[in-house]
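Here, residue 1 is the first one in the sequence, and each next residue gets the next number. As the structure lists them, so they are numbered: ligands from 1, and atoms in each ligand from 1. Both backbone and side-chain heavy atoms feed into the values below; hydrogens, waters and symmetry mates do not.
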Amino acid sequence: MKKMTSRELRDSYLEFFKSKGHAVIPSASLIPENDPSVLFTTAGMHPLVPYLLGQKHPAGKRLCDVQKCVRTGDIDEVGDATHCTFFEMLGNWSLGDYFREESIEFSFEFLTKVLEIPTEKIAVSVFAGDEDCERDEIAAKKWNELGIAKDKIFYLPKENNWWYAGPTGPCGSDTEIFIDTGKEPCGEDCSPACDCGKYVEIWNNVFMQFNRDKEGNFQPLAQKNVDTGMGLERTICMLNGYQSVYETDLFADVIAKISSLCGKEYGKGEEETRAMRIIADHMRTATFMIGDEKGIVPSNVDQGYVLRRLLRRSVRFARQLGMDSKELVTIAEMFIDKYCDIYTELADNRDKVLTEIAKEEEKFGKTLENGIKEIEKVLKFVQNGMLNGKTAFRLYDTYGFPIEMTQEICKEKGFGVDIEGYHNAFAEHQKKSQAGAEQKFKGGLADSGEQTTYLHTATHLMLAGLKKVLGRDDIEQKGSNITAERLRFDFNFERPLTEEEKKGVEKFVNDAIARDIPVVCEEMPIEKAREINAVGVFGSRYGEVVKVYTIGDVDCQICGGPHAERTGLLGEFKIVKEQSSSAGIRRIKAVIDTTKAK
Ligand code: SER
């Protein structure tokens, strides 16, 4: 096998597919726009869904890229040899061009000629067939012709050999490619489907020829596509004969730094090694999340909550190792330096990444030890092996412990957590604060839920206003964050807005408010939304049916909601700040005054 660095693998992959007529496209953002069904981009194909469904891609029918991905479903596995919450996926696509056989030929050639993997080290799985799709004898035959022995070709069912983009959308059977590590089989049934470690998956070629509808039926797609994904970290690890991804050039220096910061040897104690790996993994993911072109910051909901969990978990493991958790910023800096020539957004957002991490460390660092003491104190009196829900909620509310962290700490000590009790305590608390907000409402203030909803509607009106006033139809949302106090909206524009333009946008929004237009929500197939020209980033969607919010003749957008019932409720709209967010991106902060509502 050819020993390669990560850079060499990225370059040779793209070079190879370029030589096979593929256009190289850039990585999309980690944060899908207007897509309520996933928080992060989890595979190279996500941003390409409209094209897999038949829309024409401007770069052609053969594409390849290196895509930033985040998957946090396996977060508990992080710390082992191969699971990472962030990874880069090398991918090549055929949009109604080549299909199974050619795709397998490309993969085989790349693996054996460029990566110099001996044929006998390759094992593959193919689809075993069922009532939805035939047994994939074509793929099996092709692999065999190319030299893969029959006993290295495994027929596996849907459970293993079918790729779904989401609950609905393009999907199909796949053929997965594994490196046979040479370990003894774990038993007679040993196959790539088991997790004994004999076979490590490095590449997946999906033959996307179906669209799964809402009823779960598989409808043939208008075109047959190929969607492949190869894990960069794992492949580097296999090629170099490393024991884990942490030995690759993507991590090795970071691990050495963590080891020196805590004064502990990497690879010695199992727990300590795991903790060092978790810190390295989580800090890399956090760096990419904050430093993304649509970067996020820690919060208590959605993507921000996932980020918060990663950062707080890192703080905990750092302290556990005896490392000053303020040094997490140094680790993030190492990742920025390492990746910023490929992912230039990290360089653009360097200060933001470092500041946000420092802020979160500061916030959580103060309460962490007290929270742990509290857990230890309470656990002494626990009778049924379960930490009660109220305490778990107090740990969240007072000490900032994400519930998953409380569960993890309790588990380490041999206890469970009463999750239902926790959710009840949470709901109880929300009810109380809601009641408090309603009280305030009587005194002339809207409650926070309403305020946020109205600001959301104001955001839609404002985007329409920006397009109109600036005379630019290509202006689109690059990021949006709404709290009860204000909206914050990022959009593509290359210079500051003039006073006149700002006033123009305000007037546009306030005119729409004055007309008290009803806001209408309709569910419709994505195709129809496209037909009626609803605003939306089709490049990152994959849901079949979408919600479209229409505000009279002013605006029509694909959006998850919620919105005000009518524009009059917004009262008065005002821009409070307009500034640069990053290169070519402007940021507006705006407020509404609902007391002015008629
Ligand atoms: N979408 C498939 C995967 O993520 C192939 O890229 O495995």
Side-chain angles (χ1 to χ4, degrees), residues 9-10 13-14 16-17 22 24-25 27-28 30 32 35 37-53 57 62-74 77 82-95 97-100 102-104 106-107 110-111 123-127 133 136 139 156 158-179 192-193 195 199-212 218 221 223-235 238 539-543:
L9 178 56
R10 281 189 208 99
Y13 183 87
L14 297 177
F16 177 83
F17 281 98
H22 292 64
V24 179
I25 57 170
S27 171
L30 271 179
D35 190 337
S37 52
V38 278
L39 292 177
F40 297 103
T41 299
T42 61
M45 52 75 63
H46 274 158
L48 294 172
V49 168
Y51 310 104
L52 294 163
L53 291 172
H57 194 288
R62 294 182 178 206
L63 310 174
C64 61
D65 75 6
V66 183
Q67 172 66 46
K68 307 184 275 189
C69 298
V70 163
R71 289 186 190 176
T72 51
D74 292 333
E77 314 266 351
T82 52
H83 284 91
C84 296
T85 52
F86 169 90
F87 64 98
E88 289 170 271
M89 188 181 271
L90 307 166
N92 59 281
W93 290 273
S94 153
L95 303 171
D97 193 42
Y98 58 85
F99 202 46
R100 274 183 279 212
E102 211 174 336
S103 146
I104 291 173
F106 287 154
S107 293
F110 183 69
L111 292 169
V124 298
S125 61
V126 297
F127 185 52
C133 181
D136 200 349
L156 296 174
K158 252 211 193 82
E159 209 184 313
N160 308 93
N161 272 56
W162 196 277
W163 169 265
Y164 300 96
T168 59
C171 63
S173 66
D174 59 41
T175 181
E176 298 182 12
I177 305 168
F178 302 80
I179 299 293
D195 54 10
Y199 300 100
V200 175
E201 184 193 339
I202 56 165
W203 207 348
N204 183 12
N205 294 19
V206 186
F207 307 125
M208 284 196 162
Q209 45 176 332
F210 298 102
N211 188 17
R212 187 158 66 156
F218 296 93
L221 280 173
Q223 64 187 35
K224 291 184 176 179
N225 309 292
V226 174
D227 152 44
T228 93
M230 172 187 262
L232 176 86
E233 287 78 354
R234 284 187 186 184
T235 306
M238 287 294 114
S540 59
R541 295 206 54 83
Y542 61 79

Q: Show, in sequence, the C-alpha distance, side-chain angles and deciding distance for Asn92 and Tyr13, and conclude whether the side-chain hydrogen bond (donor to acceptor under 3.5 Å, both in side chains) test is met.
A: CA-CA 9 Å; Asn92 59 281; Tyr13 183 87; 2.8 Å; yes
Q: State which residue, out of Trp93, Trp203, Phe99, Tyr98, fulfils the ring-ring contact (aromatic ring centres under 6.0 Å, His included) condition with Phe106.
A: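 Of the listed residues Trp93, Trp203, Phe99, Tyr98, the ring-ring contact (aromatic ring centres under 6.0 Å, His included) partner of Phe106 is Tyr98.
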Q: Going by distance alone, is a donor N or O of one side chain under 3.5 Å from an acceptor N or O of the other, for Asp174 and Trp163?
A: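 No.
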Q: Could you please provide the protein residues found below 4.0 Å of ligand 1 on a heavy-atom basis, arranged by chain and number?
A: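 Under the 4.0 Å cut-off, ligand 1 touches Ala43, Met45, Arg71, Met89, Trp163, Asn204, Val206, Asp227, Thr228, Gly229.
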Q: Would you call the rings of Phe110 and Phe16 parallel, tilted or perpendicular if under 30° counts as parallel and over 60° as perpendicular?
A: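 Phe110 vs Phe16 ring planes: tilted.
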Q: Checking Asn205 against Ser103: is there a side-chain donor and acceptor pair closer than 3.5 Å?
A: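 Distance-only check passes for Ser103 and Asn205.
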Q: Taking the six-membered ring for Trp, are Phe210 and Trp162 closer than 6.0 Å centroid to centroid?
A: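 They qualify: ring centres under 6.0 Å apart.
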